[in-house]
Amino acid sequence: MTVFEKIVINEIPSYKIYEDDKFLSFLDISQASFGHTLIIPKKNYKDIFEIDEETLSQMAKVVSRISKALKKAFNLEGLNILNNNGLIAGQTVFHFHIHLIPRYKNDKIEFHLPNNIDIMDDKKYKEIQNKILDNIK
Ligand code: AMP
């Protein structure tokens, strides 16, 4: 059982923000920034590859609602929405979840994405584009 399933059944305490029959939202224990909140489906889907489209779209409504609450609560100028899938991507709890991370001036949070534009050309973009297109249902 994942730590989040234990939170769902109240075996582990959490600071709950929102709950309905399918979803739960609570404060992330690490508080990367004040207000750092997680949203999970109560049922355990391991990651984005397991969760179905219908559940994910219902979850988007909760993401929208909590994001707006955070903005009002902390008078936010910015918010990152983050979801890690797989160990290599930084996932540590294998129960699908979305992070809402409020952003403040000097919060010391850094996301660094490399820019590979220099090694790209039309052929490479098209090759990548076609690989993805071939696999969309
Ligand atoms: P990830 O690295 O994307 O899998 O995120 C997992 C998150 O779960 C981390 O940010 C942890 O701080 C958080 N976390 C782990 N255990 C708990 C807990 N008991 N209560 C709240 N958040 C937790």
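As the structure lists them, so they are numbered: ligands from 1, and atoms in each ligand from 1.
- Within the structure, the closest approach of His99 to ligand 1 falls below 4.0 Å when heavy atoms are considered.
- Nearest heavy atom pair, residue Leu79 against residue Leu70, reads CD1-CD1, 4.1 Å.
- A distance-only check finds no donor-acceptor pair linking the side chain of Ser33 to the backbone of His36 [under 3.5 Å].
- With hydrogens and angles ignored, the 3.5 Å screen pairs no side-chain donor or acceptor of Glu50 with any backbone N or O of Asp47.
- Looking from atom 18 (C) of ligand 1 to the surrounding protein, the closest heavy atom is Ile7 CD1, 3.9 Å.
- Using a 4.0 Å cutoff on heavy atoms, Leu82 does not count as a contact of ligand 1.
- Every atom of ligand 1 is numbered from 1 in the order shown, and the set under 4.0 Å from a heavy atom of Leu27 is 21 (C).
- Once rounded to the nearest 0.5 Å, the distance linking CD1 of Ile66 with CG of Leu38 reads 11.5 Å.
- Side-chain atoms of His97 never come within 3.5 Å of backbone atoms of Ser25 as a donor-acceptor pair (strictly under, hydrogens ignored).
- Of the protein's heavy atoms, Thr92 N, 2.7 Å lies nearest to atom 4 (O) of ligand 1.
- For a threshold of 3.5 Å applied to N or O pairs, the pair formed by Leu38 and ligand 1 contains no separation below that value.
- Set against the non-hydrogen atoms of His97, the atoms of ligand 1 under 4.0 Å away are 1 (P), 3 (O), 4 (O), 5 (O), 6 (C).
- Short contacts between ligand 1 and Gln91, defined as distances under 4.0 Å to a heavy atom of the residue, involve ligand atoms 4 (O).
- Checked by distance only, ligand 1 and Phe4 stay at 3.5 Å or farther apart across all their nitrogen or oxygen atoms.
- The distance between the ring centers of Phe4 and Phe26 falls below 6.0 angstrom.
- Judged by the shortest distance from any of its heavy atoms, Phe26 lies inside the 4.0 Å radius around the atoms of ligand 1.
- Looking from atom 14 (N) of ligand 1 to the surrounding protein, the closest heavy atom is Ile29 CG2, 3.8 Å.
- For atom 13 (C) of ligand 1, the nearest protein heavy atom (residue, atom name, distance) is Asp28 OD2, 3.4 Å.
- Within ligand 1, the atoms closer than 4.0 Å to a non-hydrogen atom of Asn84 are 1 (P), 2 (O), 3 (O), numbered from 1 in the order shown.
- Gln31 contributes a side-chain N or O that, together with a main-chain N or O of Asp28, makes up a donor-acceptor pair within less than 3.5 Å.
- For ligand 1, the atoms closer than 4.0 angstrom to any heavy atom of Val3 are 19 (N).
- Atom NZ of Lys22 has more than 12 heavy atoms from other residues, nucleotides or ligands within 6.0 Å.
- Near Gly90, the atoms of ligand 1 lying under 4.0 angstrom from a non-hydrogen atom of the residue are 1 (P), 2 (O).
- Checking side-chain atoms of Gln58 against main-chain N and O of Phe23 turns up no donor-acceptor pair under 3.5 Å.
- Judged by distance alone, with hydrogens and angles left aside, the side-chain atoms of Glu19 form no donor-acceptor pair with the main-chain N or O of Leu24 at under 3.5 Å.
- Ligand 1 has no atom lying under 4.0 Å from any heavy atom of Asn83.
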